[in-house]
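Take a look at the structure below.
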Amino acid sequence: MNRAQRGVGGSRGLGTMEVKSKFGAEFRRFSLERSKPGKFEEFYGLLQHVHKIPNVEVLVGYTDIHGDLLPINNDDNYHKAVSTANPLLRIFIQRKEDADYSAFGTDTMTRKKNVLSNVLRPDNHRKKPHVVISMPQDFRPVSSIIDVDILPETHRRVRLYKYGTDKPLGFYIRDGSSVRVTPHGLEKVPGIFISRLVPGGLAQSTGLLAVNDEVLEVNGIEVSGKSLDQVTDMMIANSRNLIITVRPANQRNNIVRNSRTSGSSGQSTDNSLQSYTPHIVQNYHPEEEESDDEDIIIEDSGEPQQIPKAVPTCESLESLTQIELLHESTQNGFIPSSEVNLFHSAGSINMEYEIHDADQKSLEEDGTIITL
Amino acid sequence: MMKFRFRRGGHDPQRDRIKQELFAFNKTVEHGFPNQPSSLAYDPKLRIMAVGTKSGAVKIYGAPGVEFTGLHRETATVTQMHFLPGQGRLLSLLDDNTLHLWEIYHKDGCSHLEEIHSFALPGRPGFDSANSPPSIARVTVILLKSACDVACLGTEGGGVYFLELSGLTLLEDKALFQDEILQSVPDDYRCGKALGPVESLQEHPQDPSKILIGYSRGLVVVWDEIARKVDHLFLGNQQLESLTWERSGKTVVSSHSDGGYMVWSLNSSSQKTLQPLLSTIPYGPFPCKAINKILWRTCESGSHFIIFSGGMPRASYGDRHCVSVLQGQTLVTLDFTSRVIDFFTVHNTEAAEGEFDNPRALVVLVEEELVVIDLQTPGWPTVPAPYLAPLHSSAITCSYHISNVPLKLWERIISAGEQQNPQLSSVNWPIDGGKNLAQEPTQRGFLLTGHEDGTVRFWDASGVSLKPLYKLGTANIFQTDCEHNDSLNQAEEEWPPFRKVGCFDPYSDDPRLGIQKIALCKYTARMVVAGTAGQVLVMELSDEKSEHAISVATLDLLQDREGFTWKGHDRLAPKNGTIAFTPGFQPSILVQCLPPAAVTAVTLHSEWNLVAFGTSHGFGLFDYYRRNPVLARCTLHPNDSLAMEGPLSRVKSLKKSLRQSFRRIRKSRVSGKKRVPTSSPSSKVQEANAQLAEQAGPPEVEMTPVQRRIEPRSADDSLSGVVRCLYFADTFLRDATHHGPTMWAGTNSGSVFAYALEVPSQEKFSERAVEAVLGKEIQLMHRAPVVSIAVLDGRGNPLPEPYEVSRDLAKAPDMQGSHSVLISSEEQFKVFTLPKVSAKTKFKLTAHEGCRVRKVALVSFASAACEDYAEHGLVCLTNLGDIHIFSVPGLRPQVHYDCIRKEDISGIASCVFTKHGQGFYLISPSEFERFSLSARNITEPLCYLELTRRHDGTCLG
């Protein structure tokens, strides 16, 4: 931290910020306009230029105020890095081919006093396996809470992204009964419940599902009146992109609307992300949903390839990694048909929905919580 | 998916109308033999016969095509049925002691059957029916008076009640109790004991006012109804089973529990007869079983017939099910393979005195079939039945339907079938009442059933009655130990003179003989039959008998895959040398798959002389012209160990899962269906206990709730390599300009393999070999089993069958436009373009409905309104037993119907669809339900019965 102190003194003006960039054993120092950081690509080019490595693919990382080594790979996290740098922005550059993915993450810088040993000798680091966070371009959501704005607060719509991971979905369902408010008073109706979470499975690791949560919908289709076997088949048929709407058994972790401190059901959330995304993050796209089952075709040459769509849609995995921002609100403009469907089905499930109907407009503020 | 649902919301009235003209769901007729028959009746005037079942069904049969079905509201056994002769009315007795009156009525020129009245006999006057033992008022026998106005009911308590038939009202004052009879009985016979239940009631053949009453203890009484007095007493002392009159009314025959029968003469000089004219135990002297029923029929051309059931020597043949026919010195013991339910004779019933019965035929209903014996032809041969065929004479293992059978093939198969059974009688079917009004079937259809014993049976499925045509056996080409049976039968003793009748034989000598898959080319009369031990038989139809050796080829489907050992059954060893074949289908080549797992898919292309077959290990392609294998491909996933172990070692886990599913079914039944409260006190207590038990237990406590794991299918799921479907098509696989022969295979794990075939032209067939090159391999991402593959032409129509186009029987497919392939998995349907395989349309059934695809077929639906309008549809039966129809190639849902109960797993598994919108599924091991999905193509009984009902119909109807 001494160096940082020194950096404060060395800063030449209020608008500029000192950058200390390290590539291998070499350091470069330069300054940036804090107010006009520019785009990530320009910054990337600048780094390549100052280190004189114009054609080397590199990974860019920085240490944030907590001492974590975090990646810079797009405009968002680049801007975040610039805005939070205080006052020195410490950049670490690695060659892509010998990148140590495990170097990134929480506590990576504080735990290892010497960043150098962490980056240069990753082997002794690997001896203690911990949660591995993959490289930024491989980031993809494993689960999300969606449609917060259109669901009653007592319900939660969870999306589990099964593709690409070897983790099992890892949950079981059972028959059960729940009490509903009907025109004839309270009535016991049969329902489907989560009966078990497999330790280490996708469902458990998200923290969004729990034992005894009642399953209300599977990919937009109500399960009431369906047998356990039918619901099982529906879930398996949708298993690559499973969206289940549950009524959590524990209602204390529900998302409280109208409040900026939207607490998720478990994992920590980055408040700054929330302030940064004042629009509804609408993850539920029909097109996206379609992309779950691209069959693989092997031509006689033996080269596997994805079956192209007759109707082109956004299909690459990379597109999924980006959080899509819809700059229109649901009230004006494009309303995906699926959303309309879900809206209606959600409305028919629970009477409580009516009560919260008036809160609709203010809900736009809530973003989707991405649990990594 | 969502977009699709959105679009579907709109209603197009014009489309709705077209749908109504195309689709309609009807269960039309039940083919085969009723499951668990329990009673039989015959109307000699209308010449119709009724069969009642344990499930409360009543089925009436007359001439082929004349059929009526009724179902009692209560699911109770139909214990007795009696026709009101000539009236088209039937009285039935259920084992819950209720009587039901059924009537055939006319509507729109056709006859129909419905229940019009029901009646329950109250307890004895003075007794509360709830308190008295129900058995007292239990009806044991029924006699319908020939005037058809009154029915006499004999009861367990020994009373005889009289019931007015017009409204099923009890004639209280006419009831006859034992005390009245006992007054006429000498004291020494009475000895303080009751007479026992009424065992038989028979009307005097000449004098309708007199009835013959037989009591269990042995007393037989002629009761004069008008004078209300005992006319005559036969003081029998042997426990009585049944009675019959001789036609003249001068002689009575009684049968007894000791296996004997007695002939009594009605001597008018004395009111009592102490000794019978004749008393004999036909199968004595050792103890015999009871003679349950006896008939005495006079005959003009010889001595009288005595026909009785049972009476076999207890120790040596007590387990046989026999009916004995005795005429003079001639005795034949008809030996059935299942229990005798009842029998009757078709004979002359004109009541004029001096005439004879002259029985034409004996009709015996046994538990698993109906056998008719021609009594007029020497040797008493069996009359082939035009319906009620025991489909399950060996358990059905698969079925296959062929529409539009060419006349030539039809005739050849009928002639082959006729030559198989020269010993059958040629007389006409004796039960020929009624008129079949149904139009002559517009086309001939075969239903083929494969059986556990290695036979394939051909049935005429064109019309309402499913008639056996031809039976093909495959067991004779293998070395099995069943050959000794014939010699054993020969060596049997000469007494009793047994004669095996009927064809129900559920015992298979070797389960490996079981037929799994059938494919038949109706134009070339070539057939492929594949079985449980990996045997694939290529056959040709021949009108001549032949003796030839079969060439055997083996094909290793593992393709040197290492680390696998087959732990299942061995292959069947083929017989060496030449084998004699009767006219009919004669095998020429046996292709043996190795390992010898059951064949799971078969297809045939007779134009290319190719047969493709698959097992749980892989698939093979065989050129039966050159007799050499073209291709073998292993589909096993390296991690799949289960497939290798064979069927035997899987038993444990299968058992477990079966047990679980049974538990579930039982649970749901118990909770879902409350028992109907009965009036007896003991059941009331039970009921109360049950209610207490229901209340007592904490409702939330579930012992171990059934859990379901939610996990996507992975590549190494068990049995992923099972080949589910195979398909030949002339289409574009490699490029968009050249079409050619292709072969497609789909597996349990969602893999599709498409091969381009090099088939030499007809002339060069002997010179060049067929070659197969893998063209495409598609892995469905959801990995659900591939149920069916079909190629659609440029207009979206399914490709025609081989030879159909060259024989001008189908429109040539559009080979200009781009073809597409429709792949149906258990979860979804998907249409891909060809040759570049890209998804065009799809429908995710499981994701939407939570049901899985069990059977699919491409069906042509003709419009009921417009003569030449037809549409192709994709018909799909799901694991929930409902049927969905989708448009092709758009895959838009059109209609859906509930068809089979979802618990009826064997029904769902047995379902086959025809090409024109009908289908069959097994409702019991012995019965096919026929249904139609088409509004135009319906096969249902339409028949007319000429009734001689007096015009008292108003009070009955």
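Proteins get letters first, then strands, A, B, ... in listed order; numbering begins at 1 in each. Computed from heavy atoms alone, side chains included, the values below leave out hydrogens, waters and symmetry copies.
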**Request:** In plain terms, say whether E849(B) and K844(B) are close enough for a salt bridge, that is, a side-chain N and a carboxylate O under 4.0 Å apart.
**Result:** no
**Item:** Segment of Q707(B) engaging chain A (4.5 angstrom heavy-atom cut-off)
**Value:** both
**Item:** Carboxylate-amine/guanidinium proximity below 4.0 Å for E217(A) and R247(A)
**Value:** no
**Message:** Is there a side-chain contact between R174(A) and N212(A) in this structure, where contact means two heavy atoms from C-beta onward sitting under 4.5 Å apart?
**Reply:** yes
**Item:** Segment of L845(B) engaging chain A (4.5 angstrom heavy-atom cut-off)
**Value:** neither
**Message:** Testing the basics here: between I789(B) and V786(B), what is the closest heavy-atom pair and its distance to 0.1 Å?
**Reply:** CG1-CG1, 3.9 Å
**Complete:** Pair count under 4.5 Å, heavy atoms only, with chain A: among A784(B), A754(B), G850(B), highest is G850(B)
